[in-house]
Structures are given as C-alpha cells and as structure tokens.
Amino acid sequence: MGEFDLIDRYFGRGARAGRTEGGAVTLGIGDDCAVLTPTPGHQWLVSADMLVEGRHFLSTVSPRRLGHKALAVNLSDLAACGASPRAFFLSLALPRVDEAFLAGFSQGMFELADAHGIVLAGGDTTAGPLNINITVMGETPAGQALLRSGARPGDDVWVSGTLGDARLALEVFRGTLSLSGHQFDEARLRMELPEPRVALGRALRGIASAAVDVSDGLIGDIGHVLTRSGVGATLRLADLPRSAILGAQPEAVQQLCLLTGGDDYELVFTAPADQRERVIEAGHAAATPVYRVGRIEAEPGLRVVDGAGATVSLASLRGFDHFKS
C-alpha cells in the first residue's frame, strides 16, 4: 500500500478536493492546503502535541486507545482555553504499513473526533519510528479565551474529576506497586482513554480567571499558572479529588500520584471567590464534578498543606519534564 492509498483508506473520510466539509473546514484533505473559514467575531486557538512511543505511550496500548489518546491530549489543550474544537491536522510517522494498527488507530481517533464535532483537515505521513503529531484548532468569542495569566490573589483553585489514577497505572507498569486485576484495568483506562473536559472549559468562559490542563502533574502544571500570573498558591492535600482505588494506597503513593501524576487530563483552574456558585453550576452543566482545593495568594511559590495544616515537603516531587524526568 502506498502513502496516498493509506491516507485515502484510513484518514480520507470521503474528503476530496472541491468538496465542502462544512463548519470551519471549507476544504479539507486532498489539496496542498486546507481552507478554513473562521466564525465572525471569534479567535482561533491552536495547539500541537507530539506523542513518541516509549516516551508518551507504551507499546502495549491498543491502537484504538492510542488513536483516542492522540487526539484527546490535544482537545484537552482546547478545553483548558475554553475553546470549541473545529479542525485538526495529523502528521504520522510509521515504521511500516500495518493495516491492523491503522484501522484501530483511525477508529479510536475518529470516534472521539465525531463526539466533539472536530474535522480532520489534513496532515502528512512518512516512514520512520512511530511518532504521532496532531495540531488542533478551536475557536472562542474574541477576548474570551481562558489563559494561564489571569489568576489573582484571593481566587479559589479548583480541580475537575479525580487525579492520579493514570500515574497509578504507570507505576504498576514500572513494577513499583501492584493492583488487583479490576483495579489495574480501571487505572489503566484513565491512562489510555482520557476524556478531555471540553464542555467544562466552554462552561467556564466568563467565570474562571485562569486554567491549565493537568498533563505533566498538578504541581508542575499549576506552577505554569502561578508563573504567568505572578502569584502563589496554597493547596489542601486532603481536598484533592481521588478515586477509591488511589485512596486505598499508602499516603506516600497518594501524594506521588496526586501531585506529580499527569495523563489524567483534568482541568485545574482559578476563579474569584464570589463565583463559587457559578463554578458549581458550570460543572453540573458539563456533567463534570469540580472541587475547590486551594487559594491563590500574593506570596510567590506553591505550598501544599495536609489535613492538620502542616506543610507537605515538595523537595522530592516535581512535574514531568521531557529533558529532566
């Protein structure tokens, strides 16, 4: 199978030159460039993520789950900015043409794309070590994008969903701890099939002051908000949301997973204290639980306290960094 046969069979989705895709994509796959039409009065939001085998995903993951995750991590960036997904581009390096892999990968990717109304508008394929690069484009009304730079002293810190299960599964793969079969399956599901909080991000427009998705660990990702906003924060460890599976683990394991575990792709966001009721309503509207876990402060730096109010040492904990971790 040649390159263009591969594209046509697994990624074409019926798109051809001269045919309208609808929505933001006026012309998709089949030409040298896609033609996109922005909604009047809106701004584009664009993000790119690369997934490398052995670094971002294990060789044991099913192709269908990998296709889902490859797009999900990008949609999560749009969610953190409150954007509505519109189009994405896929660049894929493959060591060989593996039709079973391509069928599963494209199925998982398009199932998630259809769920969020986002169109594959183009990309590239080449031979090489397995490498997946997706660029997503979304829209928000002008001036309404959620950014990392808007947190202010006195704001609440909120987290969606639960944290740490993906890291828990990773530690099982690493052999540092063990779970029962059912528990491992549940944790692995969080690692391999994350659900981007797109609806919550949109619901938080005009309410949240800053937001980021938890992809590299809570302390690392909220650290980006604190740096860009020029503020500090205190988080309450006891209030960080966790599953029953993680809650049954030793305290040291819980701290590791809650504070440094990425890949859950939940949102951590800030909002003024007088917006608490609206934040809860936004969570209900998006069918996503939200939890108030801390407070933004003028003093720089991140502090975490336990249930007794004692400071938790972060000296041995850090978020994921591709060149340090």
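Positions are given from 1 along the sequence.
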Subject >> Test item: side-chain donor near acceptor, S91 and D124, under 3.5 Å >> reply: no
Original post:
Does any donor atom in the side chain of D155 or S209 lie under 3.5 Å from an acceptor atom in the other side chain?
Top reply: yes
Original post:
Out of curiosity, M191 CE to R167 CZ, how far, rounded to the nearest 0.5 Å?
Top reply: 11.5 Å
Subject >> Audit row: V312, Q255, side chain to side chain contact (heavy atoms under 4.5 Å, CB included) steps and yes/no >> reply: CA-CA 9 Å; V312 176; Q255 286 190 22; 3.4 Å; yes
Is [Y] close to [X] at the side-chain level, that is, under 4.5 Å between some pair of heavy atoms?
X    : Y    : answer
L235 : L302 : yes
L237 : V305 : no
L177 : L168 : yes
L78  : C81  : no
L6   : F11  : yes
D213 : E266 : no
R276 : R292 : yes

Less than 4.0 angstrom from a charged side-chain N to a carboxylate O is my criterion; do [X] and [Y] meet it?
X    : Y    : value
K69  : D263 : yes
E195 : R190 : no
R278 : E281 : no

Original post:
By ring pair (Phe, Tyr, Trp, His ring centres under 6.0 Å), which residues pair with F184, not counting sequence neighbours?
Top reply: F173
Original post:
Listed by chain and number, what are the ring pair (Phe, Tyr, Trp, His ring centres under 6.0 Å) partners of F89, not counting sequence neighbours?
Top reply: none
Subject >> Residues, nucleotides or ligands: over 12 heavy atoms within 6.0 Å of E277 CD >> reply: no
Subject >> side chain to side chain contact (heavy atoms under 4.5 Å, CB included) partner of F269, chosen from V212, L146, V290 >> reply: V290
Less than 3.5 Å apart, which donor and acceptor atoms pair up between the side chains of residues 223-234 and the rest of the protein, not counting sequence neighbours?
residue	atom	partner	partner atom	Å
T227	OG1	G223	O	3.0
S229	OG	R148	O	2.8
S229	OG	S149	O	3.4
S229	OG	G150	N	3.4
S229	OG	A151	N	3.1
S229	OG	V225	O	3.0
T234	OG1	E297	OE1	3.0
T234	OG1	E297	OE2	3.0

